[in-house]
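Have a look at the structure below before the remarks.
Order of the sequence lines fixes the chain letters, A, B, ..., with proteins taken first and strands second; residue numbering starts at 1 for each chain.
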Amino acid sequence: MILPLATVTAGDFFQQMELGITVGAMYALIALGYTLVYGIIELINFAHGDVFMWGSVITYFIASSLGLKSTLTGFALVGVIVFFLIIGVGFCAALNVTIERVAYRRLRKAPRLAPLISAIGVSFILQTLARLWRGAGGESFPQIFPTTSFSLGAVNISFRDIFIILLSVGLMYGLDTFIRRTKLGRAMRATAQDPEAASLMGVNINQTISITFLIGGALAGAAAVIWNLYVGQVKFDIGFEQGLIAFTAAVLGGIGNVRGAVIGGFLIGIIQALTILYIHNGSSWLDVAVFSILVLILVFRPSGLLGQQVPDKV
Amino acid sequence: MSIRSMLKLPGQWLAQLGEQLDHIQIARRPFTWYLQGWRGGILLLLFAFLIPSMVSSFGDSFGLDQSFVLTLVTMGIYIILALGLNIVVGYAGLLDLGYVAFYVIGAYTMAVLSSGVISDANGHAHAFRQTPFWWLLPLGALLAGLFGVLLGAPTLRLRGDYLAIVTLGFGEIVPIVFNNLPYFGSVGGATATRPDPVSLPFGITFDFSSFLDYSPYYYLMLILLALVVLLVTSLRESSLGRAWVAIREDETAAAASGVNLVRTKLLAFGMGASIAGLAGVLSAATITHIEPGSFSFSISITVLVMIVLGGISSIPGVIVGAAALAFYDQFLSNRLNETLHSYSFVTSPDSPFHFLNSLDLNQAKLLFFGIILLAMILLRPQGLIPDVRRKRELTGIGEAPEELSVVGALEQEHGGATGSDINAHMTEYTGPGSDARGRED
């Protein structure tokens, strides 16, 4: 093979695992949006990645208008991050709900191809608008989070990564509780199982689907803020790239399954990190690695890790 | 006069004009007779054959030079691509979002094998035997088709959405692989050797070597395009074509009627891929130098927009849609951009319209394509020139009235119990003859 394996120490391995888990948390948040929407209306929401990208662009725009350049500490840092989260989450949630209203709702009874094509159209529109507004070159988000870290053995763990993982896991736990415990969550599960029966039982289908898109968009917004803090590269095509990765994560976990998407996200993050570690020039093969995983899952276990095989409805 | 009736005026005028034109007779037949069916095709082909000489004779007065012929060749390549994708998306109803991958494979087949240059792991070029262009046309198609079958085989057992995402990923990584691997020139790309001149009787020669005269490529494109049109038209009427339509309309019913799902889908996928390979070979021969960076996802989507605009699975629709969008993409958008930036109310900084100066219409064309895609699928899913059968599927107009449906009547009588009874029998019965569906799973 042309890909010689690099020699790796245990320290390198755990350091890279830490990176993988942090990135994986972000993938999991995006993957949840795909899986929620697929679970309820069986549509691959192609525009989801671009909703995430717009969250990143909007928060960047706000940050640059505020003139943020240097690292912040204490209350200023907390305040700014909470502010960004509100902006990103709110914007992405609103955008996702609007997209459902404009582009998918009318096509709910159409052949399966129609909403999929519509989603691609929306994705293209969102991407090109961002490109026209911000240019094709990409911008970097100011590093507002201090780079302080502590070491655990040979591994350096930054407080930023701790914050990212805590935030993501908190959101995921909240979502899981919401779906299992609340009335709206039960309505979502009912609609996912059988929309007609659910509506006969008094579930407002349109509202439930809107809420699903709202939650998916909100999580994408949070992921966008994390992306800005962690990677910081704001560009019109990040939604496409990260979206494809997150979708793979959703399929890996079993599309339509909320916990599966979380596990899939972390797994994909770790697999990517290890690709960089073990394969020579691995970072240029990342997409290939992710895609190979996608094909392998679809061949050997199309229902994913936690999903169930659902027969086609006749 | 209301605005609504004013909007109808151009249509009325066209209709009146059409009535007037119907009275024109050529050799005792109305002239429209000559435009119908295969006669129209031959006339169109004749007209198309004359275009390069028309460009070289009167092109100057319209500001058109030989590069316009190159534009026409590119348009033709897009039409071939759209007709190929139409087999997959239109006939068989499978969404392929990585169609560009097969185009890339065709183009690289041409570039690497015609030039006979391959690099080793360190990027040093080595020469080997050059392959003549005329062998590469079928070879490129074959290779692309092979990759199509290889990619389709694992995914076609699954639901259509998965195929969309897997093809999307494949379309992304094929250019990355060519970009990363050292063998095919990596980032810098590969350069094809132009086809040898062809001598026909009566002293006609096609010399492919000139960069100033693209008309040989144009004629080559025209021949390939005509062959592809013949192929897709006859495929549509064949038993295979009917099997595709059956799968598209109802997979379960098609399988129950004895259609082998996987084989039929694979054939659609492979044939679509090989047509893209053919287009890739032609493209690499025309532009000679290809780079992995120029084959992006946007090509796959542009071809999809062409199909949706013209009319999914309608051959004239796809041709018109592809021609129109490719013309906009390759020619009009650039001209419009130049025109926009030549107006003083745009360029002068004092003008209120100065903000338009930063607008690059060439970048905005993808926005335009996205809007077309969305608007068509929401407002006119059957496309501009619809296919009759597909229109019925997509809009639900002209469907059989409810009371004629036997299954519906049965279900109403038995309160829906029939459906579950049938399902129970299907899972229980595993004896001979029961594997019409099971064979594929």
Side-chain angles (χ1 to χ4, degrees), chain A residues 2-3 34 38 42-44 46 102-104 106-107 109-129 131-132 135-136 237 240-241 244-245 247-248 251 255 281 284-292 294-300 302 310-314, chain B residues 89 93-95 97 121 151 153-155 157-162 164-166 168-170 172-173 176-177 179-183 248-253 297-298 301 304-305 308 312 359-360 363-378 381 393-396 419 422-423:
Chain A
I2 35 92
L3 309 169
Y34 281 106
Y38 193 91
E42 296 195 336
L43 163 74
I44 298 176
F46 268 100
V102 174
Y104 305 152
R106 305 176 49 148
L107 299 173
K109 294 234 160 63
R112 296 179 72 88
L113 211 60
L116 216 55
I117 291 177
S118 168
I120 296 161
V122 173
S123 160
F124 239 56
I125 292 172
L126 290 178
Q127 233 181 84
T128 327
L129 281 178
R131 184 176 163 160
L132 286 174
D237 63 356
F240 179 72
E241 290 166 5
L244 194 56
I245 298 171
F247 178 78
T248 307
V251 173
I255 192 147
N281 204 4
S284 60
W285 291 100
L286 279 184
D287 290 348
V288 182
V290 170
F291 174 72
S292 313
L294 181 62
V295 173
L296 287 177
I297 310 161
L298 291 180
V299 175
F300 293 109
V310 187
D312 270 352
K313 288 172 197 159
V314 180
Chain B
V89 179
L94 307 163
L95 191 54
L97 294 179
L151 181 76
T155 43
R157 290 160 197 278
L158 303 163
R159 298 168 63 149
D161 324 1
Y162 285 108
I165 208 86
V166 169
L168 170 73
F170 190 66
E172 274 300 285
I173 68 155
I176 295 180
V177 167
N179 193 67
N180 290 357
L181 286 182
Y183 311 122
R248 179 182 83 202
E249 291 188 345
D250 190 335
E251 225 177 277
T252 318
F297 177 58
S298 61
I301 294 301
L304 182 70
V305 181
V308 174
I312 297 175
L359 179 69
D360 185 351
Q363 281 186 14
K365 70 188 170 195
L366 294 179
L367 178 69
F368 175 60
F369 288 172
I371 292 172
I372 291 183
L373 203 55
L374 190 62
M376 290 305 289
I377 214 74
L378 287 176
E393 278 169 52
L394 286 166
T395 57
I422 290 168
N423 278 339

Margin query: Is any side-chain heavy atom of B:Leu373 closer than 4.5 Å to one of A:Phe124?
Written below: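 In short, these two side chains do not touch, never coming nearer than 4.5 Å.
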
Note to self: Contact between A:Leu113 and B:Leu94 at the side-chain level, heavy atoms closer than 4.5 Å - yes or no?
What the structure shows: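 No, too far: nothing below the 4.5 Å cut-off.
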
Nearest 0.5 Å, please: how far is [atom2] in [Y] from [atom1] in [X]?
{"X": "B:Ile371", "Y": "A:Ile125", "atom1": "CD1", "atom2": "CD1", "value": "5.0 Å"}
{"X": "A:Ile117", "Y": "B:Ile301", "atom1": "CD1", "atom2": "CD1", "value": "9.5 Å"}
{"X": "A:Leu116", "Y": "B:Leu95", "atom1": "CG", "atom2": "CG", "value": "5.0 Å"}
{"X": "A:Leu132", "Y": "B:Leu367", "atom1": "CG", "atom2": "CG", "value": "6.0 Å"}

[X] portion near chain A, given a 4.5 angstrom heavy-atom threshold:
{"X": "B:Ile176", "result": "side chain"}
{"X": "B:Val305", "result": "neither"}
{"X": "B:Ile372", "result": "neither"}

Quick check: closest heavy atoms across [X] and [Y], and the distance to 0.1 Å?
{"X": "B:Glu172", "Y": "A:Leu244", "value": "CG-CD2, 4.4 Å"}
{"X": "B:Val177", "Y": "A:Trp285", "value": "CG2-CZ3, 4.2 Å"}
{"X": "B:Ile377", "Y": "A:Ala114", "value": "CG1-O, 3.6 Å"}
{"X": "A:Ala103", "Y": "B:Leu378", "value": "O-CD2, 3.8 Å"}
{"X": "A:Phe46", "Y": "B:Leu97", "value": "CZ-CD1, 3.2 Å"}

Notebook entry, point to check: Which one, B:Ile173, B:Val308, B:Leu151, B:Asn180, leads in non-hydrogen pairs under 4.5 Å with chain A?
Noted result: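 Counting heavy-atom pairs under 4.5 Å, the top option is B:Asn180.
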
Checklist line | chain A contacts, top residue of B:Ile312, B:Asn179, B:Leu168, B:Leu304 (heavy-atom pairs, under 4.5 Å) | finding: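 Winner by heavy-atom pair count: B:Leu168.
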
Checklist line | Residue part contacting chain B, namely of A:Val251, when any heavy atom lies under 4.5 Å | finding: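 The side chain, not the backbone.
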
Note to self: Please classify the contact between A:Ile120 and chain B as side chain, backbone, both or neither, with a heavy-atom cut-off of under 4.5 Å.
What the structure shows: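 Both parts, backbone and side chain.
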
Note to self: Aromatic contact between B:Phe297 and A:Phe240, with the criterion being ring centroids under 6.0 Å apart: yes or no?
What the structure shows: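 Judged by ring-centre distance (under 6.0 Å), B:Phe297 and A:Phe240 do meet the cut-off.
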
Margin query: Can you list everything that forms a salt bridge (Lys or Arg N to Asp or Glu O under 4.0 Å) with B:Glu249? Sequence neighbours excluded, please.
Written below: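 Only B:Arg389 meet the salt bridge (Lys or Arg N to Asp or Glu O under 4.0 Å) criterion with B:Glu249.
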
Item checked: Winner by heavy-atom pair count (cut-off under 4.5 Å) against chain B, out of A:Gln127, A:Glu241, A:Arg131 ->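 If we count pairs closer than 4.5 Å to chain B, A:Arg131 comes out on top.
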
